[in-house]
Amino acid sequence: MTGVDEQAGAPDEAIGPHADEPHQEGFNDRLNWLRAGVLGANDGIVSTAGIVLGVAGATSDRTAILVAGIAGLAAGAMSMAAGEYVSVSTQRDSEEALLAKESRELRDEPEDELAELAGLYVDKGLDPDLALQVAEQLTAKDALAAHAEIELGIDPDDLTSPWNAALASMLSFTLGALLPLLTIVLVAAEVRVAVTVVAVVAALMLTGWLSARFGYGSPSRAVIRNVIGGLLAMAVTYGIGQLVGTQV
């Protein structure tokens with residue numbers, strides 16, 4: 001035994017997914033959690049930092065800053081959760097409707113659907129005989145899954161979860177918002193703005209790196225994008241706060 005598949009010419013150990021690529025079941029739902037979690041944390045950090053720095057630009061009253069920050073945290077967390085739930089529910093409804101339509105077609109027109117599936121594999125580069133053989137084997141195993149994957153790009157066993165997205169958004173927004181809120185109310189008044197900006201930049205660097213790390217993207221690009229956006233938001237709101245504070 002040489003450990004080589006004589007027909008395919010590939011080592012036995014080479015058959016199957018690579019260990020460093022996202023082929024595991026539930027990857028779609030994991031990406032859904034990741035997207036909602038990262039977006040929620042970034043929004044919590046940036047929006048709450050903008051609120052508390054804006055108020056800090058207008059007044060040094062710690063209580064006013066705290067109340068504004070808590071109100072922003074609560075409103076933002078509920079808004080993120082509701083928005084994600086509605087958005088992902090709409091996506092799931094569409095997926096379920098498409099799967100139901102495909103199920104009806106498989107029930108009413110099985111031969112046409114088999115020919116369609118084989119034709120799709122021909123379009124991907126297989127010769128007609130092999131494409132038909134592949135279509136027949138996949139149809140025998142799970143016809144709906146086979147059609148859903150190649151026609152719709154949907155895994156029937158891995159539909160997006162609106163509750164997961166809503167919970168991830170709410171929790172991540174809350175955790176992200178707590179950083180600038182606690183920093184600005186616990187640090188001495190004379191350095192609270194500078195320390196808050198530094199803490200926010202550090203947090204945005206971390207979320208940018210994590211989003212790239214788990215989403216297989218470019219870490220440097222994600223970090224730079226996060227930091228620039230956060231600094232811009234804080235500068236604008238702090239400037240507005242100072243402008244309003246001097247006029248009132």
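For this chain, numbers begin at 1 and follow the sequence in order. Side-chain atoms are counted along with the backbone in the values below, which use heavy atoms only and exclude waters and symmetry mates.
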Discussion item. Using a 3.5 Å distance criterion without hydrogens, assess whether the side chain of T237 forms a donor-acceptor pair with backbone atoms of M234.
Written reply: yes
Discussion item. Within the 4.5 Å heavy-atom criterion, are L159 and L99 side-chain neighbours or not?
Written reply: yes
Worksheet item: Within the distance-only criterion (no hydrogens, no angle test), does the side chain of N226 pair as donor or acceptor with the backbone N or O of M205 below 3.5 angstrom?
Response: no
Practice prompt. Show the numbers, then the answer: is there a side chain to side chain contact (heavy atoms under 4.5 Å, CB included) between L243 and Y238?
Written response: CA-CA 9 Å; L243 179 62; Y238 184 74; over 6 Å; no
Item to complete: Give the cluster check for I70 versus V46: same hydrophobic cluster or not, with ILVMFWY residues linked at side-chain heavy-atom distances below 4.5 Å.
Response: yes
Practice prompt. Scan residues 62-102 for pairs that pass ring-ring contact (aromatic ring centres under 6.0 Å, His included), counting only residues two or more places apart or in two chains.
Written response: Y85-W163
Worksheet item: What closest approach, in Å, do T183 and A199 show between heavy atoms, and which atom pair accounts for it?
Response: OG1-CB, 4.1 Å
Discussion item. Does any part of the side chain of L98, heavy atoms only, come nearer than 4.5 Å to the side chain of E151, both counted from C-beta?
Written reply: no
Response to the item:
Closest heavy-atom pair, V52 versus G69, reported as atoms and distance to 0.1 Å, is CG1-CA, 3.7 Å
Fill in: Rounded distance [0.5 Å steps], CG in L120 versus CD1 in I150
4.5 Å
Worksheet item: Quick one: OG on S103 to CD on E113, what's the gap to the nearest 0.5 Å?
Response: 10.0 Å
Discussion item. L130 vs V122, test: side chain to side chain contact (heavy atoms under 4.5 Å, CB included). Steps then yes/no.
Written reply: CA-CA 9 Å; L130 179 57; V122 169; over 6 Å; no
Worksheet item: What's the spacing between I228 CD1 and L232 CG if we round to 0.5 Å?
Response: 9.5 Å
Worksheet entry | Min side-chain heavy-atom separation P162-E84 under 4.5 Å | no
Discussion item. Quick check against the 3.5 Å criterion: does T174 have a side-chain atom that pairs as donor or acceptor with the backbone of M170?
Written reply: yes
Discussion item. A side-chain contact here means heavy atoms from C-beta on lying under 4.5 Å apart; do E96 and Q91 qualify?
Written reply: no
Worksheet entry | Distance in Å, N42 CG paired with F173 CZ, rounded so as to fall on 0.5 Å steps | 11.0 Å
Worksheet entry | Same apolar cluster: V193 and V198, side chain cutoff 4.5 Å | no
Worksheet item: Can V185 be reached from L53 by stepping across I, L, V, M, F, W or Y side chains whose heavy atoms are under 4.5 Å apart?
Response: yes
Worksheet, complete the sentence: Residues I51 and G72: closest non-hydrogen pair is CD1-CA, 3.7 Å
Fill in: Transitive ILVMFWY side-chain link L186 to I45, under 4.5 Å
yes
Discussion item. With heavy-atom distances below 4.5 Å as the criterion, would you say the side chains of Q137 and V134 are in contact?
Written reply: no
Worksheet item: Taking everything shown except R221 itself, do over 12 heavy atoms lie less than 6.0 Å from its CZ?
Response: no
Worksheet item: How many angstroms lie between CG in L167 and CE in M80, if you round to the nearest 0.5 Å?
Response: 12.5 Å
Discussion item. For A56, is there any backbone N or O sitting under 3.5 Å from a side-chain donor or acceptor partner on S60?
Written reply: no
Worksheet item: Between G44 and P180, which heavy-atom pair has the shortest distance, and what is it?
Response: O-CG, 4.5 Å
Fill in: Residue pair L152, H147: steps toward the side chain to side chain contact (heavy atoms under 4.5 Å, CB included) verdict
CA-CA 7 Å; L152 309 174; H147 282 264; over 6 Å; no
Discussion item. Would you say that T139 contacts L117 through its side chain, given a criterion of any heavy-atom pair below 4.5 Å between the two side chains?
Written reply: yes
Worksheet item: Do E109 and E116 come close enough that some side-chain heavy atom pair is under 4.5 Å?
Response: no
Worksheet item: Would you say E136 has more than 12 foreign heavy atoms packed within less than 6.0 Å of its CD?
Response: yes
Discussion item. Would D155 and E149 count as a side chain to side chain contact (heavy atoms under 4.5 Å, CB included) here? Give the steps.
Written reply: CA-CA 6 Å; D155 182 350; E149 178 184 8; over 6 Å; no
Discussion item. Do T196 and V200 make a side-chain contact, defined as non-hydrogen atoms from C-beta onward lying under 4.5 Å apart?
Written reply: yes
Fill in: Path from L171 to M78 over hydrophobic side-chain contacts below 4.5 Å
yes
Response to the item:
So CG of L138 and CG of L144: to nearest 0.5 Å the spacing works out to 12.5 Å
Practice prompt. Would you confirm whether S172, through its side chain, and S169, through its main-chain N or O, come within 3.5 Å as a donor-acceptor pair?
Written response: yes
Worksheet item: What's the shortest heavy-atom distance between R62 and I184, and which atoms?
Response: NH1-O, 4.3 Å
Item to complete: List the atom of A222, the atom of A212, and the distance in Å for their closest heavy-atom pair.
Response: CB-CB, 4.0 Å
